[in-house]
A.B. asks: 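Please find one structure pasted underneath; my questions will follow.
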Amino acid sequence: LKTNTETDGPTADRPQLVADVAELRTVIGNVRATGQRIGLVPTMGALHEGHLSLVRTSRSDCDYTVVTVFVNPTQFGPHEDFKRYPRTLDADLAALAEYGVDLVFAPTSDAMYPQGSSTFIETPQVAKTLEGQCRPGHFRGVATVVLKLFNLVQAHISYFGQKDYQQCLVIRRMVDDLNVPIAIRMCPIVREADGLAMSSRNRYLNDQERQQAVAIPRSLQLAEQLVAAGERDTRTIVDAMQRTLDSAGITRVDYVAIAGAESLEALSRLDRESVALIAAYVGKTRLIDNHLLSNF
Ligand code: PAF
């Protein structure tokens, strides 16, 4: 394992850039033959500090870190932002070079989904609620591409951000159910100084929307405060959260929910580990965020 001093400091080595599936298999075969532990950070690029924190964790846990950069078409709905999603590979590579990433896999859509490719994962129960309801087909696309990346990279550990909390649960369930030989590590949300969770989509926000967006983490903080003060009725907490969004002018809300932390079942009373989750539009930008409620 690398020491902290080795992993924390920037290095100038550029990662090896691979776009071809066959080439990736060869490189990974050689790395595995030397017995190194491989860490995988799957991303869609437009990297920010949240992604880089996953990279740092992989660097400190593993001998060899792979970052994948692929804007996966199968996880976007027909009216979502697939075309508009920021593609910033040069800047991403420069950022990753600073952190000593060994390999970046940035395939084309054709390489990942060659003609005739038609097999998809049937998603687990935990994918059916919240994001699964608002974005039909989203987790089918996520689970499928993630399993393909697991098969290609053959990592020992893969790193995901808690910001996509439901995604983490879906992937964990898939890995357990399908006996995929990989450990899943969920890493903490990285926030801007004012609390907004880092997201590649934050760059869509104009100045006014950027200010409004802070109501999302504030609403989650309010849930935490209410729980700390003894409130256990989820309806009361959700209503207060909604009001916080509303008074900031965030009125297009997909959900404000409090659910069981393990399987996202709806809760009327807080009687177990739970999570508060929000999906809401700020202007035309859909943002998600969440906070674990364990203070009871
Ligand atoms: O979280 C993301 O960026 C994507 O959903 C992922 C896991 C890279 C799959 O495309």
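These values consider heavy atoms only, across backbone and side chains, with no hydrogens, waters or symmetry-generated copies. When a residue number appears, it is its place in the shown sequence, counting from 1. Both ligands and their constituent atoms are indexed starting at 1 by order of listing. What you see is a predicted model; the values in this text were computed from it and never measured.
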A.B. asks: For ligand 1, is any non-hydrogen atom under 4.0 Å from T43's backbone (N, CA, C, O), its side chain (CB onward), both, or neither?
C.D. replies: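 T43 to ligand 1: backbone contact only, side chain stays beyond 4.0 Å.
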A.B. asks: Hey, could you give me the OG/CZ distance between S268 and R235, rounded to the nearest 0.5 Å?
C.D. replies: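 Reported value, rounded in 0.5 Å steps: 11.0 Å.
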A.B. asks: Taking a hydrophobic cluster as the set of Ile, Leu, Val, Met, Phe, Trp and Tyr residues connected by side-chain heavy atoms closer than 4.5 Å, whether directly or through intermediates, do L54 and M44 fall within one such cluster?
C.D. replies: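 No; tracing contacts between hydrophobic side chains, which count when under 4.5 Å, never links both residues.
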A.B. asks: Here's one to test your reading of the geometry: is the NZ or CZ of R84 within 45 degrees of the ring axis of Y204 and under 6.0 Å from its centre?
C.D. replies: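 R84 over Y204 ring: yes.
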A.B. asks: Are any of the N or O atoms of N72 closer than 3.5 Å to those of ligand 1?
C.D. replies: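 The answer is no, given that N72 and ligand 1 share no N or O pair closer than 3.5 Å.
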A.B. asks: Over all heavy atoms of both residues, which pair between S53 and V190 is shortest? Give the atoms and the distance, please.
C.D. replies: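 So the two residues come closest at OG-CG2, 3.5 Å.
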A.B. asks: Distance from R25 atom CZ to D20 atom CG, nearest 0.5 Å?
C.D. replies: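 Answer for the CZ-CG pair, R25 versus D20, is 11.0 Å.
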A.B. asks: Identify, by atom number and element, the atoms of ligand 1 in contact range of V145, meaning under 4.0 Å from any of its heavy atoms.
C.D. replies: 9 (C), 10 (O)
A.B. asks: If you measure every N or O of Q167 against every N or O of ligand 1, does any of those distances drop under 3.5 Å?
C.D. replies: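 By distance alone, the answer is yes.
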A.B. asks: Out of Q75, H51, M44, who gets a non-hydrogen atom closest to atom 10 (O) of ligand 1?
C.D. replies: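 Among Q75, H51, M44, the closest heavy atom to atom 10 (O) of ligand 1 belongs to Q75.
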